[in-house]
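Every number for a ligand or one of its atoms is a count from 1 in the order of the listing.
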Amino acid sequence: MIPIKSAKEVEKMRQACRTASEVLDRVSETIRPGVSTKEIDEVAADLMEEAGVKSAFLGYRLGHRVFPGNICISLNDEVVHGIGSQRRIQYGDIVKLDIGVIQEGWVGDTATTVAVGVVDDRVEQLLRVTESALDRAISVAREGTRLGDICAEIEDEAVRNHFSVVREFVGHGVGRRLHEEPQIPNYGKRGSGPKLKAGMTLAIEPMINMGTAAVRLLDDGWTVRTTDGMPSAHFEHTVLITKDEPEILTWRAKTQLR
Ligand code: MG
């Protein structure tokens, strides 16, 4: 069952998502060469405390593993779920920031990829394509659309630019819990899957690789990296399905467009 949020619940989601995007905005601003990813994680923790919200990722359990970071920070060939460490940001890196907050029992989830200074043209293109894949997915998300239509938009945008789509990790419904039904793969068939309904809140999150789609898990039990060492990009919005245009609950006016 895909949860449908009432008007009152949607208002709670709006709040949580607004906070998540504000935190993401401010954390993005702290990224510069020389700063450690641990310091970035600590800034995020301070901002969440200041806002009176909790991290949706800190303490997240997967089997016997417990996520130790406040946010996910993944560099270059790391795809998702990177953990803040003593490693320092370098000029030319791409930094994926994924932020989930819990505000009054409701979760907002959003991610972006930040280029540190000038990056290779093909890397710049990877970022642009991943963001436009998200944009294309959102643009078809409305009542009556099939879930597979969203997934196909993402895959299409990646493939037509000769990039590949990560298959092991997916977008998801979000609300009272970080991960609700449905799973939203970044690939799929148009016309397949359940029909979307107004009141669904979905975290759509393309993860697109420059080289092979294959990924592997690092020894820390969390960080996911491309097997060929080539870069990966990630953008995510929490979106409210309506009868018309979807509402992007985690929209950020300031740093949305490069
Ligand atoms: Mg997510």
Legend entry - Backbone of Val101 reached by a side-chain donor or acceptor of Ser55 within 3.5 Å: no
Legend entry - Check: Thr226 side chain, Met230 main-chain N or O, donor-acceptor pair, under 3.5 Å: yes
Inset, instruction - Looking at Glu205, pick out the N, O or S atom nearest to the Mg ion (ligand 1) and give its name. - result: OE2
Legend entry - Glu236 atom OE2 and Asp109 atom OD2 as seen from the Mg ion (ligand 1), angle to 10 degrees: 80°
Legend entry - Glu180/Lys5 ion pair, N-O < 4.0 Å: yes
Legend entry - His172 near the Mg ion (ligand 1) via N/O/S, less than 2.8 Å: yes
Inset, instruction - Using only heavy-atom distances, determine whether the side chains of His81 and Tyr60 contain a donor-acceptor pair under 3.5 Å. - result: no
